[in-house]
Amino acid sequence: MAGVMSKGANTPVPQAPVRLRLHWRHGAGVPDARTAALLVTEDGRVAPDGVVGGDRPVPGGAVRHEGRTVTGGRTAETLHVDLPALPDRIERVVLVALVADGTFGEVPGLDVTVTDAAGDHELARYESRDTTTETAFVAGELYRRQGGWKFRAVGQGYASGLAGIASDYGVNI
């Protein structure tokens, strides 16, 4: 297992298929979270057809939402990202999450992991512990750097919800 990253830290990841997973503890009164990936181009805006969540795959299948698993008291939503298959115009794959009824401050045990495609080897882990009134959250991102890929622990919350993320990334909602 990789060490826990601090907010803003980054680490290299292999140029291979990987899985991004957002985990949290569920229970009575815990808001339900949903994840999506934003495929961002060099200009910092989401590419056309660059929102992947639920049953919305990217054409070509380089990024797909693999759904939700519940194990014990933890829930996880997983995105499969085939880094070598991403078009060259995609500079970043941003993992975002939303809660509809509540805030991320009410979501315990929130963390994001990057694993190999099989899910057997953890490459990176970021545990968010400072959320409060946010209803939307950028957990982390995979980004191109000098011909390779890295993962950055972002941990940026938005009290303005989806509208804040949409504004920052140029998404029409």
Hey, does [Y] have a side-chain heavy atom less than 4.5 Å from the side chain of [X]?
X	Y	value
Thr35	Val96	no
Leu39	Asp49	no
Val138	Leu95	no
Leu83	Val13	yes
Val40	Glu91	no
Val93	Leu38	no

Measure across [X] and [Y] and return the closest heavy-atom pair with its distance rounded to 0.1 Å.
X	Y	answer
Pro84	Pro17	CD-N, 4.1 Å
Ala124	Phe151	CB-CD2, 3.8 Å
Ala136	Leu98	CB-CD2, 3.4 Å

For this session: Would you check, one step at a time, whether the test side chain to side chain donor-acceptor pair (under 3.5 Å) holds for Thr115 with His121?
Result: CA-CA 5 Å; Thr115 66; His121 181 68; over 6 Å; no

Under the side chain to side chain donor-acceptor pair (under 3.5 Å) test, residues paired with [X] that sit two or more places apart:
X	answer
Asp116	none
Asp43	Thr41
Arg21	Thr78
Thr135	none

Residues 100-111 side chain polar contacts: donor-acceptor under 3.5 Å, at least two apart:
from	atom 1	to	atom 2	distance (Å)
Thr103	OG1	Gly105	N	3.4
Thr103	OG1	Glu106	OE1	3.4
Thr103	OG1	Thr132	O	3.0
Glu106	OE1	Thr103	N	2.7
Asp111	OD1	His23	ND1	2.6
Asp111	OD2	Arg74	NH2	2.9
Asp111	OD2	Arg125	NH1	3.1

Exercise. With the threshold set at 4.0 Å, does a side-chain nitrogen-carboxylate oxygen contact exist between Asp130 and Lys7?
Worked result: yes

N/O donor-acceptor pairs under 3.5 Å from side chains in residues 155-170, not counting sequence neighbours:
from	atom 1	to	atom 2	distance (Å)
Tyr158	OH	Asp168	OD2	2.7
Ser160	OG	Gly164	N	3.4

Problem set entry | Val81 vs Leu86, side-chain contact (heavy atoms from CB on, under 4.5 Å): CA-CA, chis, key distance, verdict | CA-CA 8 Å; Val81 182; Leu86 281 170; 4.1 Å; yes

For [X], what residues pass the salt bridge (Lys or Arg N to Asp or Glu O under 4.0 Å) criterion, not counting sequence neighbours?
X	value
Lys150	none
Glu141	Arg92, Arg152
Glu42	none

Exercise. Residues in side chain to side chain contact (heavy atoms under 4.5 Å, CB included) with Pro14, at least two apart?
Worked result: Ala16, Leu123

Exercise. Same cluster or not: are Val30 and Phe137 linked, directly or through other Ile, Leu, Val, Met, Phe, Trp or Tyr residues, by side-chain heavy atoms under 4.5 angstrom apart?
Worked result: yes

For this session: Would you please test Tyr143 and Asn10 for side-chain contact (heavy atoms from CB on, under 4.5 Å) and show each step?
Result: CA-CA 10 Å; Tyr143 66 98; Asn10 62 63; 3.3 Å; yes

Seminar exercise, completed: The complete set of side-chain hydrogen bond (donor to acceptor under 3.5 Å, both in side chains) pairs with one or both residues in residues 24-33, sequence neighbours excluded, reads His26-Thr75, Asp32-Arg34, Asp32-Arg68

Problem set entry | Pairs involving residues 27-50, ordered by first then second residue, that meet ring pair (Phe, Tyr, Trp, His ring centres under 6.0 Å) (sequence neighbours left out) | none

Seminar exercise, completed: CH2 of Trp149 to CD of Gln15, rounded to nearest 0.5 Å, is 8.0 Å

